[in-house]
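Here's the structure, in structure tokens; my notes come after.
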Amino acid sequence: MQQRFLMIGLAVVALACIAGGKQDQAGAIIPKAEQAHRIESVRAPSPVDEAALVEKAKAAVRTLGSALKAALEAALRAGRQVDALSVCQLEAPAIASQVSAQSGMQVSRVSLKYRNINNAPTEWQSQVLNDFENRKIAGENPANLSYAKVVGNEFRFMKAIPIEGVCLGCHGDAIGPAIKSKLSELYPQDLATGYREGDLRGAFVVVQKLAP
Ligand code: HEC
């Protein structure tokens, strides 16, 4: 019974601390040192396990990357490249939403030279993309470029996407006429062409809000 009172007392102190008020009332039954400890544990932000978040983000990116690739390859196998283009257009955003919902993290793709304006980078994402370009020039393998940081109450992760042979039909510098005309119909402002194998096409982005 006494223990229960102590628990209630601690809860009152904790609530009072959050509300910024009456600590004295309950303070009488709780030793000062214990109060201080309790206050500390209520006020201190929960520690962030950044390594675990990075692992979770990497897994979400792997899932999105392979789902997109599977959809693209299936569409290319099934028919003409122009049809595959429609698959990219219609399925890519849906697949990203699905992976976001499953992983509990917000997963997307961005590029400095975007095709869909919804994939335009924010300011911090542009900085990371520029940084990836510089790191590639300095000799790092494009397939291994990544970034992770906790900023305020947000965990941010990015992973570079290099161009491979299969991408060139729709992002290269010698795009066939059928694809070209479909692209200009769907994306009149398209910036995502002229790439060569090994170039950085953009990056996957993972964002997760953390408890304040
Ligand atoms: C069949 C044509 C086609 C092929 C092949 C293709 N893409 Fe795309 N890609 C598109 C289309 C269409 C979009 C726009 C999707 C949208 O509207 O969200 C796009 C968008 C993207 C984006 C998002 C950024 C942006 O510009 O909007 C990235 C990143 C990307 N593609 C990377 C790749 C990579 C890497 C490959 C090769 C593994 C590839 N694509 C192969 C058609 C293609």
Side-chain angles (χ1 to χ4, degrees), residues 57-103 105-136 140-148 156-207:
K58 279 186 180 166
V61 162
R62 269 198 301 274
T63 308
L64 178 57
S66 43
L68 286 172
K69 225 169 188 180
L72 178 67
E73 278 163 7
L76 286 172
R77 261 199 312 273
R80 299 175 310 146
Q81 220 171 18
V82 180
D83 302 326
L85 196 154
S86 304
V87 169
C88 280
Q89 183 218 355
L90 300 170
E91 286 194 15
I95 292 172
S97 310
Q98 212 177 334
V99 174
S100 298
Q102 274 165 8
S103 65
M105 299 177 120
Q106 195 190 315
V107 193
S108 58
R109 295 184 302 169
V110 293
S111 175
L112 291 168
K113 291 190 351 166
Y114 48 85
R115 173 157 287 166
N116 186 330
I117 194 155
N118 294 333
N119 302 326
T122 64
E123 205 176 316
W124 70 265
Q125 291 161 1
S126 293
Q127 277 169 18
V128 175
L129 287 168
N130 281 316
D131 191 46
F132 282 171
E133 290 289 352
N134 291 333
R135 285 166 62 186
K136 179 177 166 270
E140 281 190 59
N141 180 350
N144 296 337
L145 291 167
S146 70
Y147 159 96
R156 298 171 172 178
F157 177 84
M158 283 175 68
K159 180 154 189 358
I161 306 174
I163 282 277
E164 301 163 35
V166 65
C167 321
L168 296 176
C170 299
H171 295 293
D173 51 11
I175 298 173
I179 291 282
K180 220 175 209 165
S181 83
K182 188 76 182 172
L183 282 175
S184 53
E185 180 195 321
L186 292 173
Y187 307 96
Q189 315 285 336
D190 187 13
L191 302 172
T193 57
Y195 287 95
R196 302 208 172 144
E197 218 168 323
D199 283 348
L200 289 185
R201 174 66 187 90
F204 292 105
V205 176
V206 181
V207 171

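Counting starts at 1 for both ligands and their atoms, in listed order. In what follows, every heavy atom counts, from backbone to side chain, and hydrogens, waters and symmetry copies are set aside. Computed from a predicted structure; not experimentally measured. The first residue in the sequence is number 1, and the count goes up from there.
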What are the atom names and distances for all N or O pairs under 3.5 Å between ligand 1 and the protein?
from	atom 1	to	atom 2	distance (Å)
ligand 1	7 (N)	H171	NE2	2.9
ligand 1	9 (N)	H171	NE2	3.1
ligand 1	17 (O)	N116	ND2	2.8
ligand 1	17 (O)	Y187	OH	2.7
ligand 1	18 (O)	N116	ND2	3.4
ligand 1	26 (O)	R115	N	2.7
ligand 1	26 (O)	R201	NH2	2.4
ligand 1	27 (O)	R115	N	3.3
ligand 1	27 (O)	N116	N	3.1
ligand 1	27 (O)	N119	ND2	2.7
ligand 1	31 (N)	H171	NE2	3.1
ligand 1	40 (N)	H171	NE2	2.9

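- The two residues R201 and A192 have their closest heavy-atom pair at NH2-CB, 3.0 Å.
- Checked by atom type and distance alone, the side chain of R196 never pairs as donor or acceptor with a backbone atom of I163 at under 3.5 Å.
- In the displayed structure, Q189 atom CD is contacted under 6.0 Å by at most 12 heavy atoms of other residues, nucleotides or ligands.
- When all heavy atoms of C88 and L72 are compared, the pair lying nearest together is SG-CD1, 3.6 Å.
- For the pair Q125 and V110, the tightest heavy-atom approach, listed with the atom from each and the gap, is OE1-CG1, 3.6 Å.
- Within a 6.0 Å sphere centred on CD of Q106, other residues, nucleotides and ligands contribute 12 heavy atoms or fewer.
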